[in-house]
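Working notes for the structure below.
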Amino acid sequence: MDKPQLLTKSHPPTWLKILVITLIGLGIFFRFTHLGQKVYWYDEIATSLAISGHTLAEVKQEVFSNLGNNQGVIPAITLNKYQHINPDRFVVDTVRYLITSDPQHPPLYYVMVRLWAQVFGDFPTGVRSLSAAISLLVFPSVYWLCLELFESALVGWVGMAVMGVSPLQIFFAQDAREYGLWMVTILVSSAALLRAIRQENFWSWAVYALALALGFYTHLLTGMVAIAHGIYIVISQQFRFNKTLRNYLLSSIAACLIFLPWLIVIITQIHTATNLLSWITFKTDSPFDLIGIWLSRISRIFVDFNLASDDAWVNNLSSESPLSYSIPTIIASLFLIIYIIIFLSDRLSTNTRLFIFLLGGFPGLTLLLYDLIFGGIRSIYFRYQLPLYLSIQIAVIYILAFHLFLEKKLQKNVFQIIAVGLLISGLVSDVRFFQSETWWPQIGGKNLLAMSQLINQSNSIVLVSSKNDYNLGVILTLSHNLKPKIGLLTIQNDHLPIITQDYSPIFFVDDLENSLAHQLQKDKTNSLKLVYPLEGFWQLDKSRKT
């Protein structure tokens with residue numbers, strides 16, 4: 001009997017079960033504690049706006065008509081109504097917000113979080129707690145996928161241990177967005193596909209169709225996962241149109257038909273969606289920087305000490321993180337990828353390794369190649385590469401199980417050290433996450449926190465401009481951390497009202513292409529300073545320049 005078959009027949013020892021249960025317990029602790037400590041960042045603000053029942057157009061109309069009606073300076077707490085559930089609005093209003101203001105985000109997670117917040121609260125802790133609860137589904141999901149892929153309960157137990165302390169899993173468990181749910185749908189749909197191929201009955205294919213449809217309703221990039229599944233079916237069936245391929249096509253068509261209502265929404269609202277995604281066309285300085293950043297971020301699915309930049313516009317390797325950190329992580333990621341390819345090619349059946357390579361490799365490399373050819377930064381956004389990261393985790397899980405339980409003593413000892421180091425590094429990463437107020441995937445989180453602290457210390461006012469949707473979003477984000485007495489003053493079409501000397505300094509958000517900053521610079525009694533360029537955050541002092 002060869003070693004992979006021995007792994008299939010092996011049962012998890014008692015010590016492994018105790019260790020896994022302990023690590024899962026620690027993982028649950030890190031998932032559910034300090035849910036409200038991290039800065040509530042820009043994307044999470046969009047989640048709160050969605051569940052409030054207001055659309056972006058309604059917010060702009062109501063905010064600027066109510067605030068700009070000669071009422072003068074009003075407290076920042078006035079914006080709270082757009083970050084909390086309106087009792088007169090319902091789930092259908094959340095869907096309406098997504099259709100009109102955010103159509104590239106399908107509604108499943110947002111409907112769930114709306115219903116969840118009605119029970120557990122619509123403050124950051126309550127909203128994020130849904131992601132923490134969803135993250136617990138990763139454990140049975142990865143166990144099921146390991147059973148279907150490797151036919152080994154032992155590998156499934158190792159998988160739960162790795163997922164328990166993975167900083168990738170911990171972060172998305174405390175992020176009020178759909179990405180934790182997306183990981184669950186990727187794992188479940190993949191396991192369901194393998195089960196359907198094995199059982200070849202109506203109900204198993206129906207489960208796959210439903211899992212795939214839920215994935216579509218969670219994130220649009222599920223389409224790339226579905227294509228990877230399709231390529232796997234075609235190759236594994238040796239390009240023959242047989243019962244398995246027919247059932248796959250019927251299940252995929254059923255999933256697409258279930259998703260058809262939202263597909264129509266995307267088509268009819270394509271202009272809104274493309275405008276909201278225009279930021280992904282930003283380019284890095286060179287292809288080597290893009291590849292370097294792409295490789296460096298792979299290492300963070302296991303070890304992440306929060307040393308990376310949280311800037312949205314990272315354009316080279318040195319601005320992404322210190323080179324003393326980036327270069328070792330690039331080398332480590334390259335070594336890991338090469339080792340995975342060599343090891344799985346030697347130890348696993350053709351179909352098993354093909355499935356793992358396609359699940360992560362097709363979406364991950366497609367995004368990378370698209371950016372290299374046409375420009376953009378889609379491939380280096382952490383949340384878009386989750387299929388790749390999950391497939392790498394699955395591969396590492398199998399490698400660890402194989403070496404820890406089947407290899408000779410020397411190799412087993414070496415991999416025991418590697419496994420312990422991997423788990424300790426993950427736990428250290430989790431502790432750092434537990435202690436931190438911001439984490440690098442929270443784009444602009446550090447600056448947003450510093451901006452709110454600067455405003456609170458000054459006890460001054462913030463100007464709210466009606467010209468830029470992003471600026472309004474930044475103000476909504478800041479409002480979560482502003483003292484209630486901090487004032488807001490609306491500016492209609494950059495027509496600056498008379499501001500008394502009592503308010504100095506004054507803060508506002510304005511990108512360099514708009515005219516407010518230029519208008520203020522013309523007034524020689526103003527001292528104007530761009531404090532945080534990436535956020536377009538300005539400080540205005542009402543005193544004559546010297």
Side-chain angles (χ1 to χ4, degrees), residues 24 27 31 106-109 111-113 130-153 155-160 162-164 166 168-169 172-173 177-233 247-248 250-256 258-259 262 301 352 355-356 358-360 362-363 383 385-395 397-398:
I24 290 176
R31 283 163 168 81
L108 178 59
Y109 167 78
V111 170
M112 291 174 63
V113 76
L130 174 62
S131 297
I134 289 172
S135 73
L136 301 183
L137 298 176
V138 166
F139 298 118
S141 301
V142 74
Y143 183 83
W144 184 23
L145 181 55
C146 289
L147 282 181
E148 297 296 339
L149 262 179
F150 310 114
E151 300 178 9
S152 172
V155 178
W157 278 88
V158 174
M160 291 190 291
V162 170
M163 294 297 189
S166 166
L168 168 78
Q169 301 293 332
F172 286 109
R177 298 295 276 174
E178 68 267 32
Y179 302 103
L181 179 61
W182 188 35
M183 285 192 285
V184 172
T185 64
I186 292 169
L187 294 171
V188 170
S189 62
S190 298
L193 175 66
L194 295 173
R195 183 179 179 85
I197 294 171
R198 178 168 53 84
Q199 293 192 339
E200 282 294 0
N201 59 51
F202 171 81
W203 291 111
S204 60
W205 282 108
V207 170
Y208 172 68
L210 178 60
L212 190 60
L214 291 175
F216 286 143
Y217 271 105
T218 300
H219 200 282
L220 295 183
L221 286 181
T222 300
M224 300 190 75
V225 176
I227 294 172
H229 287 170
I231 296 172
Y232 170 76
I233 290 287
N247 288 337
Y248 165 76
L250 291 174
S251 299
S252 299
I253 291 170
C256 291
I258 295 172
F259 185 62
W262 200 259
I301 62 181
T352 302
F355 187 88
I356 296 173
L358 283 173
L359 177 63
F362 177 76
R383 55 189 182 269
Q385 290 288 2
L386 292 181
L388 173 65
Y389 299 156
L390 286 174
S391 67
I392 290 174
Q393 285 185 312
I394 294 296
I397 286 164
Y398 180 78

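Sequence positions, counted from 1, serve as the residue numbers for this chain.
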Of all heavy-atom pairs between [X] and [Y], which one has the smallest distance, and what is that distance?
X      : Y      : result
Ser391 : Gly360 : OG-CA, 3.1 Å
Ser204 : Ala196 : OG-CA, 3.5 Å
Pro387 : Leu359 : CB-O, 3.7 Å
Glu148 : Leu194 : CB-CB, 3.8 Å

Atom pair [atom1]/[atom2] of [X] and [Y] - distance to nearest 0.5 Å:
X      : Y      : atom1 : atom2 : result
Ile394 : Thr352 : CD1   : OG1   : 12.5 Å
Ile258 : Leu210 : CD1   : CG    : 6.0 Å
Ile392 : Ile356 : CD1   : CD1   : 11.5 Å
Leu145 : Ser189 : CG    : OG    : 9.0 Å
Phe172 : Ile134 : CZ    : CD1   : 13.0 Å
Met183 : Leu168 : CE    : CG    : 5.0 Å

Can you tell me if Arg31 uses its side chain to pair, donor with acceptor, with the backbone of Gly164 under 3.5 Å?
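Confirmed, Arg31 side chain pairs with Gly164 backbone.
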Tell me whether Ser166 contacts the main-chain N or O of Val162 through its side chain, where contact means a donor paired with an acceptor under 3.5 Å.
no
Once salt bridge (Lys or Arg N to Asp or Glu O under 4.0 Å) is applied, do any residues pair with Arg383, and if so which ones, sequence neighbours excluded?
Asp43
What I'd like to find out is whether the side chain of [X] reaches to under 4.5 Å of the side chain of [Y], using heavy atoms alone.
X      : Y      : answer
Pro363 : Leu388 : no
Ile397 : Val142 : yes
Ser131 : Tyr109 : yes
Leu193 : Tyr248 : yes

Before giving the answer on side chain to side chain contact (heavy atoms under 4.5 Å, CB included), spell out for Met163 and Leu390 the whole-Å C-alpha distance, their side-chain angles and the decisive distance to 0.1 Å.
CA-CA 10 Å; Met163 294 297 189; Leu390 286 174; 4.1 Å; yes
Please test Phe216 against Cys256 for side chain to side chain contact (heavy atoms under 4.5 Å, CB included), starting from the C-alpha separation and ending with a verdict.
CA-CA 8 Å; Phe216 286 143; Cys256 291; 4.2 Å; yes
Given side chain to side chain donor-acceptor pair (under 3.5 Å), test Trp205 with Gln199 step by step and report yes or no.
CA-CA 9 Å; Trp205 282 108; Gln199 293 192 339; over 6 Å; no
Side-chain donor-acceptor distances from residues 221-233 under 3.5 Å, at least two apart:
{"unit_1": "Thr222", "atom_1": "OG1", "unit_2": "Trp182", "atom_2": "NE1", "d": "2.9"}
{"unit_1": "Thr222", "atom_1": "OG1", "unit_2": "Gly215", "atom_2": "O", "d": "2.7"}
{"unit_1": "Thr222", "atom_1": "OG1", "unit_2": "His219", "atom_2": "O", "d": "2.8"}
{"unit_1": "His229", "atom_1": "ND1", "unit_2": "Tyr208", "atom_2": "OH", "d": "3.0"}
{"unit_1": "His229", "atom_1": "NE2", "unit_2": "Ser190", "atom_2": "OG", "d": "3.2"}

For Phe150, run the ring pair (Phe, Tyr, Trp, His ring centres under 6.0 Å) check against Trp157, Trp144, Phe355, Tyr398 and tell me which one passes.
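That would be Tyr398; it is the only one of Trp157, Trp144, Phe355, Tyr398 passing the ring pair (Phe, Tyr, Trp, His ring centres under 6.0 Å) with Phe150.
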Dump the intermediate steps for side chain to side chain contact (heavy atoms under 4.5 Å, CB included) on Glu178 and Met112, then the final yes or no.
CA-CA 10 Å; Glu178 68 267 32; Met112 291 174 63; over 6 Å; no
For Leu212 and Phe259: C-alpha separation, side-chain torsions, deciding distance, then whether side chain to side chain contact (heavy atoms under 4.5 Å, CB included) applies.
CA-CA 10 Å; Leu212 190 60; Phe259 185 62; over 6 Å; no
